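None of these values were measured; they are calculated from a predicted model. The sequence lines fix the lettering, A, B, ..., with proteins before strands; numbering per chain opens at 1.
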Amino acid sequence: MSLTLTSSSLALEQTLSCLHKCSKEVELKQVHAHMLKSGFFHDPYAITKFLSFCLSSTFSSYAQDVFLNDLDRPDTFLWNLMIKGLSSSDQPETSLLLYHRMLSSSAPHNPYTFPFLLKACSNLSAFQETTQIHAHLTKLGYANDVYSVNSLINSYAVTGHFNHARLLFDRIQEPDLVSWNSVIKGYAKAGEMDTALTLFRTIPQEKKKNAISWTTIISGYVQAGMNKEALQLFHEMQNSNVPPDKVSLASALSACAQLGALEQGRWIHSYADKARISIDSVLACALIDMYAKCGDMEEALGVFKDVKKKTKSVQVWTALISGYAYHGLGGEAIRRFTEMQKTGVKPNGITLTAVLTACSYTGLVEEGKSVFYTMERDYNVKPTIEHYGCMVDLLGRAGLLDEANRLVQKMPMKANAVIWGSLLKACQIHRNIELGERIGEILIGMDPNHGGRYVHTANIHAMGGKWDKAAETRRLMKNKGVVKVPGCSTISLEGTTHEFVAGDGSHAEIEIIRSKWRTVRRRLEENGYVPELEDLLLDLADDEEREAIVHQHSEKLAVAYGLMKTKPGTTIRVMKNLRVCKDCHKVMKLVSKIYKRDIVMRDRTRFHRFRDGKCTCGDYW
DNA sequence: TTAGGGTTAG
């Protein structure tokens, strides 16, 4: 008897080890059939192992089928196993479905189910379901179960209902750290950073803030676009004896990427190396994105190459492709896109947005069209407004304004301000005054408090010589009290960021900088420079006045400062909040040649790298 | 059994 048992359990263990090698559904089916035939499906241990494997790999719907069809009256443990597994699968809604099945079965309920269910609600961002489950667990008498309450707080937090979360939090006699972190998340998610920070500061010392607490507040600031504050908190975290883990690092890297803070980003990278924190897919993404957005594509590629093949997820590939896109390296982006597919990684909607952006920025019209019109068939991704946006931009930049406009008319969703904005820009570049004026009016209607809308509309009127209309638009803007965001450029030197705002003289060394700029300008003029005033369609009387304005542009002052303060041959890195104007672009090309300097300039949407009189954008931007 | 992260069109 004991011999039989041993051999049968041996057989089971062998079968289970086969199970773990299954990567295709046919293979899984074979193991499944074998287990049924051998009677293993009467053994709860075997069933648990089988379902757990399916749920943790790509076979969660297979697990669901087996569970519902093959099992005779599963117990509460198995129901919970299924609900847990499905809650973090790619179809969390099936978890809720199973819960309703469980209720109509004879399996007795227990409080263990609820945190899993609420996890599914969080993953679905489902507020209605959260309230239903809340009501149900109250009715069943689990309203004081700490795990359930914390999960409820989290679900309300994730769905943006911080008041619901707070109400529950305030009723807890002594909230644990999970409760604190969850309620803070609620405020952070809703952008209520003042309250989030106040609560964060109120966490009692004995609860001992952990890396999760810190990351919650840091990533809250990042999501609110308050990146400087995020990095300040990251520094505070390091002084507080809570070592950052990979999740904290990824959040801080996001802040660096947005700020263009290359030095701090590099520091985080070397910290991860020193602390022997392995670079997983998410950290790799954050690093590649940081280096790319800070203008260092070589380093971004270095990180990408060091990532192990198994870790090269679609997101990691997408981060690299996006980097090439906004560096204007369309050919390289497409090459990587092809390479990615050869390794068996399928693109998602975001990857395709990046590829289309790359085509748009490089003028690869046919390549872009081919991807756009086959994406649903080839990649099973339905075009979203972002993809249409890329296409409108691609066609518009290339001068195919009618085609772009037709696409806007026939797309299945309503055009938003981004789409109209990109079409208006194309009208300016290609001097289609009539269409541009119509779009300008639409945009002002959509965004009456956005200064840029009025400025662009006034400019297109001016371009058509309609000075009275241009003046009227500016007057309208003034009357409404709307102000234009001023152009602002920054340059980082030895860890200090210097800021220059157009026409503003607040920098301590402004007089020397202006004088330096006059010297630069003279050298440019000796080399044949003539100002490019086309972009500056202000209704000013004469060219002299317009020239004076163009020479106060913030990026010129930043570069002049860079030339003053850095050694010959050093790359000058400048960031601008708006798009670079034609004259500044021309000037940068000349400076790069005459002063033998590489200039890397990040503007609102992309990078320009100037070297020896040329720019990587090929003057197509 | 409960809490934190990355890639997206102007």
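Checked against ring pair (Phe, Tyr, Trp, His ring centres under 6.0 Å), Tyr187(A) has the following partners two or more places apart in sequence or in another chain: Phe162(A). Under the rule for a side chain to side chain donor-acceptor pair (under 3.5 Å), the partners of Lys207(A) that lie at least two apart in sequence or sit in another chain are Glu174(A). Scored by the ring pair (Phe, Tyr, Trp, His ring centres under 6.0 Å) test, His327(A) finds Phe607(A) as partners (sequence neighbours excluded). Every residue meeting the ring pair (Phe, Tyr, Trp, His ring centres under 6.0 Å) condition with Tyr379(A), not counting sequence neighbours, appears here in chain and number order: Phe337(A). Annotation: ring pair (Phe, Tyr, Trp, His ring centres under 6.0 Å) contacts of His164(A) (sequence neighbours excluded): Phe127(A), Tyr156(A), His161(A). In terms of the side chain to side chain donor-acceptor pair (under 3.5 Å) criterion, residue partners of Glu403(A) (sequence neighbours excluded) are, by chain and number, Lys369(A).
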Which letters describe nucleotides 1-6 of chain B, given B = protein heavy atom under 4.0 Å from base, S = only from sugar-phosphate, - = neither?
BBBBBB
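As judged by a 4.0 angstrom heavy-atom cut-off over every strand, Phe372(A) is placed among residues making no nucleic acid contact. Residue-level contact check: Arg453(A) touches the bases, meaning some heavy atom is under 4.0 Å from a base atom. Tyr361(A) comes within 4.0 angstrom of the backbone, heavy atoms only, and of no base. Ser422(A) comes within contact range of the sugar-phosphate backbone alone, with a heavy-atom separation under 4.0 Å but no base atom that close. Contacts of Gly421(A) with the nucleic acid, taken as non-hydrogen atoms under 4.0 Å apart, are absent. Within the 4.0 angstrom heavy-atom criterion, base atoms lie near Asn416(A). At a threshold of 4.0 angstrom between heavy atoms, the contacts of Lys207(A) with the nucleic acid are absent. Nucleic acid contact class of Arg604(A) (heavy atoms, under 4.0 Å, all strands): none. Using a 4.0 Å heavy-atom criterion, one finds that Ile385(A) contacts the bases of the nucleic acid, with or without backbone contacts as well.
Seen from the ring of Phe304(A), Lys312(A) counts as a face-on cation partner, given the 6.0 Å and 45° thresholds.
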Distance-only donor-acceptor hits, side chain of residues 250-259 of chain A, under 3.5 Å, sequence neighbours excluded:
| from | atom 1 | to | atom 2 | distance (Å) |
| --- | --- | --- | --- | --- |
| Ser251(A) | OG | Val247(A) | O | 3.3 |

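With hydrogens and angles left out, the side-chain atoms of Thr76(A) and Asn110(A) include no donor and acceptor closer than 3.5 Å.
Rounded to whole Å, atom C1' of dT7(B) lies 12 Å from atom CD of Gln258(A). In this entry the distance linking CD1 of Ile419(A) with P of dT8(B) reads 18 Å, nearest Å. Atom CH2 of Trp317(A) is separated from atom C1' of dT8(B) by 19 Å (rounded to the nearest Å).
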Secondary structure string for DNA chain B (Watson-Crick or G-U under 3.5 angstrom, | for other-strand pairs)
..........
